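Down below is the structure, laid out as structure tokens.
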Amino acid sequence: MSAFNDSYAENPEVFQAKFDSLVKLIEKSRHMTVFTGAGVSTLSGIPDFRGKHGVYNDPWQGLDVEEIISMTFFRKEPGIFYKWAKDVWYRLEDYEPNIVHTTITKLQKKGFLKAVYTQNIDMLHQRAGSVNVYEVHGSPEHHHCTRCHAHYTYDEIAPIVLRDEVPLCKKCGGVIKPDIIFYEESLNEDVLNHAWTDFSQSDLCLVLGSSLTVQPAASLPMLAKRNGADVVIVNAQATPQDRSATLLFSDLKQTFEALDKYLGV
């Protein structure tokens, strides 16, 4: 297990009884959605933002991290942003999909799962082979020039950032920004419209590794609940939506190793 993770495994008998109930929910589901947060990424060694080892907990060179990833700060100090982001968002190839990512892909391939919505920006769901992945907070897979809106890929920009340079547009010289939703930016409307449809129609929603505190993304599982879906939350810490959940699990690794075994090859 990653150094960023502690074990939250449950008593085997207690776990098995709940897991059997989860399997029944999956088997009867006709429109299952998955909502993933930073807790899923920590199993791959990526530190989360708000957890015990989260990058928000300590200032970076005397600066508040939430300030660094705001649009106001980026416009003023793109160089400082990229120095911070260099080791956080531009070494993603150093990480591999974990048991949660691969089992989610298996759920899709076996026809259980309709769509994956993630708060994460690490692209590990796609690398694990998942399709219909909607990145609620965007992704560094794509970048754009803040002046002329020319598009660039992660592979084009990462080497520049790793050289401690600010990526500039080849066409107009403008500063290039990753297509990640910063503070003070709105979420992508197309993604939100897809989410509204999927979660409204969902009969089972799995919430994985999310604190369910960042709005409006955190409201999506509640949308499913209000429309009659069972909501299953797997998270090490309590969330504001635990009371409305059909099932609660505390350990992602324990839960998904069991689910992977249940699904077979």
Side-chain angles (χ1 to χ4, degrees), residues 1-9 32-57 65 69 82 84-110 112-113 115-143 152-163 178-181 206-211 217 234-237 249-265:
M1 184 177 288
S2 158
F4 295 114
N5 277 277
D6 301 304
S7 175
Y8 294 90
M32 180 168 66
T33 51
V34 162
F35 181 82
T36 68
V40 171
S41 297
T42 60
L43 283 178
S44 291
I46 300 174
D48 68 6
F49 281 83
R50 292 178 171 79
K52 183 164 64 175
H53 305 287
V55 297
Y56 282 170
N57 292 346
V65 172
I69 53 177
Y82 276 112
W84 170 82
K86 172 183 174 181
D87 292 322
V88 181
W89 288 347
Y90 288 92
R91 297 187 188 274
L92 296 178
E93 58 278 359
D94 293 346
Y95 304 101
E96 296 297 328
N98 60 59
I99 187 67
V100 181
H101 299 110
T102 56
T103 305
I104 286 173
T105 298
K106 192 177 290 188
L107 281 168
Q108 282 192 321
K109 290 182 176 178
K110 288 183 176 290
F112 290 112
L113 178 60
V116 179
Y117 288 81
T118 184
Q119 295 174 292
N120 301 330
I121 57 90
D122 49 43
M123 302 179 283
L124 289 177
H125 283 297
Q126 293 92 325
R127 284 177 56 192
S130 285
V131 296
N132 297 331
V133 178
Y134 297 94
E135 294 158 316
V136 179
H137 293 150
S139 165
E141 182 178 5
H142 302 289
H143 291 63
Y152 296 87
T153 66
Y154 174 86
D155 290 339
E156 290 176 293
I157 300 303
I160 300 171
V161 176
L162 294 177
R163 292 198 301 266
D179 287 357
I180 297 168
I181 306 299
L206 305 186
V207 180
L208 311 175
S210 175
S211 63
V234 189
N235 197 56
Q237 288 81 34
F249 295 88
S250 61
D251 192 278
L252 279 164
K253 188 170 183 286
Q254 181 184 32
T255 305
F256 275 79
E257 284 181 346
L259 187 53
D260 181 69
K261 183 178 179 180
Y262 159 74
L263 292 171
V265 178

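Computed from a predicted structure; not experimentally measured. These numbers come from the heavy atoms of this one structure, side chains and all, not from hydrogens, waters or symmetry mates.
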Would the distance check show the side chain of Ser250 and the main-chain N or O of Tyr8 forming a donor-acceptor pair, the cut-off being under 3.5 Å? yes

Gap between atom CG of Asn235 and atom OG1 of Thr255 - 0.5 Å precision: 11.0 Å

I'd like to check the side chain to side chain contact (heavy atoms under 4.5 Å, CB included) partners of Glu93; sequence neighbours left out, ordered by chain and number. Tyr154

Partner residues of His143 under the side chain to side chain donor-acceptor pair (under 3.5 Å) criterion, sequence neighbours left out: Tyr90

Contact between Val65 and Val88 at the side-chain level, heavy atoms closer than 4.5 Å - yes or no? no

Using 0.5 Å steps for rounding, measure from the NE2 atom of His101 to the OG atom of Ser41. 5.0 Å

Run the numbers on Ile180 and Glu135 for side chain to side chain contact (heavy atoms under 4.5 Å, CB included), then give the verdict. CA-CA 9 Å; Ile180 297 168; Glu135 294 158 316; over 6 Å; no

Which residues pass the salt bridge (Lys or Arg N to Asp or Glu O under 4.0 Å) test with Lys86, sequence neighbours left out? Asp164

Should the heavy atoms of other residues, nucleotides or ligands under 6.0 Å from NE2 of His137 be counted, would the total exceed 12? yes

Leu263 backbone acceptor or donor facing Lys106 side chain under 3.5 Å: no

Is the shortest heavy-atom distance from the side chain of Ile46 to the side chain of Leu124 under 4.5 Å? yes

Give a yes or no on whether the backbone of Thr103 and the side-chain of Asp260 come within a donor-acceptor separation of less than 3.5 Å. no

For Val40, is there any backbone N or O sitting under 3.5 Å from a side-chain donor or acceptor partner on Asn98? yes

Could you state the interatomic distance from CD1 (Ile157) to OH (Tyr82), rounded to the nearest 0.5 Å? 6.5 Å

Does the side chain of Asn132 reach to within under 4.5 Å of the side chain of Leu113, using non-hydrogen atoms? no

Please list, chain by chain and in numerical order, all residues satisfying salt bridge (Lys or Arg N to Asp or Glu O under 4.0 Å) with Glu141, sequence neighbours excluded. none

Criterion side chain to side chain contact (heavy atoms under 4.5 Å, CB included) on Asp122 and Ser44, from CA distance to verdict: CA-CA 10 Å; Asp122 49 43; Ser44 291; over 6 Å; no

Whether the side chain of Gln126 engages the backbone of Val133 through a donor-acceptor N/O pair (distance < 3.5 Å, no angle test) should be reported. no

Quick check: do Thr36 and Asn120 have side-chain heavy atoms less than 4.5 Å from each other? yes

Do the side chains of Glu257 and Lys253 get close enough for a salt bridge, i.e. N-O under 4.0 angstrom? yes

Close side-chain approach of Phe256 and Leu43, heavy atoms under 4.5 Å: no

Using 0.5 Å steps for rounding, measure from the CZ atom of Phe35 to the OG1 atom of Thr118. 8.0 Å

How many angstroms lie between CG in Leu206 and CZ in Phe112, if you round to the nearest 0.5 Å? 11.5 Å

Apply side chain to side chain contact (heavy atoms under 4.5 Å, CB included) to residues Trp84 and Ile69 and explain how you reach the verdict. CA-CA 9 Å; Trp84 170 82; Ile69 53 177; 3.4 Å; yes

Val234 vs Val100, test: side chain to side chain contact (heavy atoms under 4.5 Å, CB included). Steps then yes/no. CA-CA 11 Å; Val234 189; Val100 181; over 6 Å; no

Partner set under side chain to side chain donor-acceptor pair (under 3.5 Å) for Thr105, not counting sequence neighbours: Ser130

Using the test salt bridge (Lys or Arg N to Asp or Glu O under 4.0 Å), find all partners of Glu96 that sit at least two apart in sequence or belong to another chain. Arg127

